Amino acid sequence: MKKIGLTLSVILGVVALALPAGAAAGEWIWSGGLWPGSGGRDGNCIWYPNQSSCAGWNYWAFTSGSALSGPYVKYLTGYENNVRIRGIWIYDGDAGSIYAAALDMQGYNKAVATYWEGTGTYYWSYART
Amino acid sequence: MNLPPIKRIGWPTIALTVCLLFGIVLAFSLTSTDARATISNRGTPIVPSAEDRTALRSPLNLTGEIFLLRETDTKSLFRVPRRVGQDCFAMSSKSAATHLEVILCPNNFPTQDRPILDFSVYGADRPETDLRAISIQGMAIDGVKKIRLLGDNGISLAEVPVRNNVYVYDEASPLPKVRSLAAIDSDNQVVYEAGLTGRSG
């Protein structure tokens, strides 16, 4: 059953990935495999570019993320700038949303999802200004 | 706090979200073997603010209800039910416009395998390179009595009591350099670790 669940997760993830992105101005959408080496270096990221996915600079006020269920994995989801990174842990199978104000990160910043530990999986990120 | 005006979310965004969340829920329902645990504190219902109602319109399939679990001098924690599936939980700062500044919808909390749902904020400031806890708060199942704050090399720095299934480090003194948390039961045994060092059942 576990294999079935994981397979379905991957299939649904791939289906989701195939949908048009369609992000409007002030929105950021990203999904894909997120672990070191999974997608190469993300030049948008400042703090942990080899294991993160980041939005470009903007006045991001809200971000959300979810990790497909499966083997243990943990992501730091939040915001970063040149001097500071702040986030909350999201584990495999979790979904969460975070206002920048909750992390004292209002202002010009980057929304970020950083792989931290575990097997790695597909991750979905969204942010808006 | 002034929140920015809410922008319309397009159909592709909604479709993407629903598809992935459905995958998460489906996979969990097929794979979960976690022993369920209880949280006795069901909370007190509160009337959602206008900002709350905006946050409640997320794709997380929330019912629109908010239950206050505990309020401290700095933080409040809430239970936020979903129409289908396990409850979500939320955390807000005392001065926040919305009670739902942070929402977490965990796939395996509350369970014995995951006895705490940690809302702690982690981060770093240059020239730091390693993450540390910036603030510490979260939920715990019945039976977890306190949260031990661990520094480098697992050194115990302080302990935070769990009251009404909620823990908040609310001390006036600055937070020490915490790298991870340990959940402690009534026998003073570590039942779980979270933070930079991961988790254990």
Side-chain angles (χ1 to χ4, degrees), chain A residues 1-2 4-6 8-13 15-17 19-24 26-27 29 31 47 59 61-62 64 66-70 72 74 76 78 80 82-99 101-104 106 116-118 122 124 126 128-129, chain B residues 1 3-4 6-13 15-33 55 58-60 88 91-93 96-98 100-109 114 118-126 129 131 134 194-199:
Chain A
M1 289 298 273
K2 275 193 171 184
I4 295 171
L6 289 172
L8 283 171
S9 293
V10 171
I11 291 170
L12 288 168
V15 169
L17 288 173
L19 293 170
E27 280 188 302
I29 299 172
S31 61
W47 280 79
Y59 290 91
F62 174 90
S64 62
S66 59
L68 290 183
S69 63
Y72 167 68
K74 179 170 70 178
L76 188 76
E80 68 175 28
N82 287 321
V83 297
R84 174 179 287 187
I85 183 170
R86 294 284 187 272
I88 285 178
W89 301 116
I90 287 187
Y91 293 88
D92 44 284
D94 290 355
S97 62
I98 307 163
Y99 279 96
L103 309 184
D104 196 19
Q106 308 97 311
W116 196 259
E117 191 175 65
Y122 280 87
W124 175 85
Y126 170 79
R128 62 171 161 76
T129 54
Chain B
M1 186 189 69
L3 293 175
I6 303 306
K7 294 180 181 298
R8 289 178 62 85
I9 297 175
W11 279 110
T13 305
L16 186 75
T17 304
V18 169
C19 205
L20 275 167
L21 289 178
F22 178 70
I24 290 168
V25 171
L26 180 63
F28 172 66
S29 66
L30 292 172
T31 60
S32 175
T33 56
S58 78
L60 296 170
C88 299
M91 181 265 287
S92 70
S93 308
T98 173
L100 308 174
E101 273 194 310
V102 180
I103 302 175
L104 288 179
C105 299
N107 84 342
N108 60 347
F109 176 85
R114 191 176 182 182
D118 193 26
F119 276 85
S120 299
V121 176
Y122 280 76
D125 296 83
R126 298 291 188 204
T129 55
L131 300 182
I134 305 298
L196 297 186
T197 58
R199 66 180 182 187

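None of these values were measured; they are calculated from a predicted model. Every chain is numbered from 1 and lettered A, B, ... according to where its sequence line falls, protein lines coming before strand lines.
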Student: Is any side-chain heavy atom of Asn108(B) closer than 4.5 Å to one of Tyr91(A)?
Tutor: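 Side-chain contact under 4.5 Å: no.
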Student: Just give me the residue among Gly118(A), Gly78(A), Gly96(A), Ser97(A) that pairs up with chain B most often, heavy atom to heavy atom, under 4.5 Å.
Tutor: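 It is Ser97(A).
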Student: With a 4.5 Å limit on heavy-atom distance, are the side chains of Arg86(A) and Asp125(B) in contact?
Tutor: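 Yes. Closest side-chain heavy atoms under 4.5 Å.
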Student: Looking at Pro106(B), Gly123(B), Ala124(B), which makes the most heavy-atom pairs under 4.5 Å with chain A?
Tutor: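 Winner by heavy-atom pair count: Ala124(B).
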Student: With distance as the sole test, does Asn107(B) use its side chain to make a donor-acceptor pair with the main-chain N or O of Asp94(A) at under 3.5 Å?
Tutor: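 Side chain of Asn107(B) to backbone of Asp94(A), a donor-acceptor pair under 3.5 Å: no, none is there.
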Student: Report which part of Asp104(A) has an atom under 4.5 Å of a heavy atom belonging to chain B: side chain, backbone, both, or neither.
Tutor: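 Contact with chain B is absent: no heavy atom of Asp104(A) under 4.5 Å.
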Student: Report which part of Leu131(B) has an atom under 4.5 Å of a heavy atom belonging to chain A: side chain, backbone, both, or neither.
Tutor: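 Both parts, heavy atoms under 4.5 Å.
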Student: Would you mind reporting whether Leu103(A) and Ile134(B) have side-chain heavy atoms less than 4.5 Å apart?
Tutor: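 When only atoms from C-beta onward are counted, Leu103(A) and Ile134(B) do not touch, as no gap falls below 4.5 Å.
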Student: State, yes or no, whether a side-chain contact exists between Leu196(B) and Trp89(A) at a heavy-atom distance under 4.5 Å.
Tutor: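 Leu196(B) vs Trp89(A): side chains touch.
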Student: With a 4.5 angstrom heavy-atom cut-off, is it the side chain or the backbone of Ile88(A) that approaches chain B, or both, or neither?
Tutor: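 Interface part for Ile88(A): both.
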Student: Let me know if Ser92(B) has heavy atoms under 4.5 Å from chain A in its side chain, its backbone, both or neither.
Tutor: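 Contact with chain A is absent: no heavy atom of Ser92(B) under 4.5 Å.
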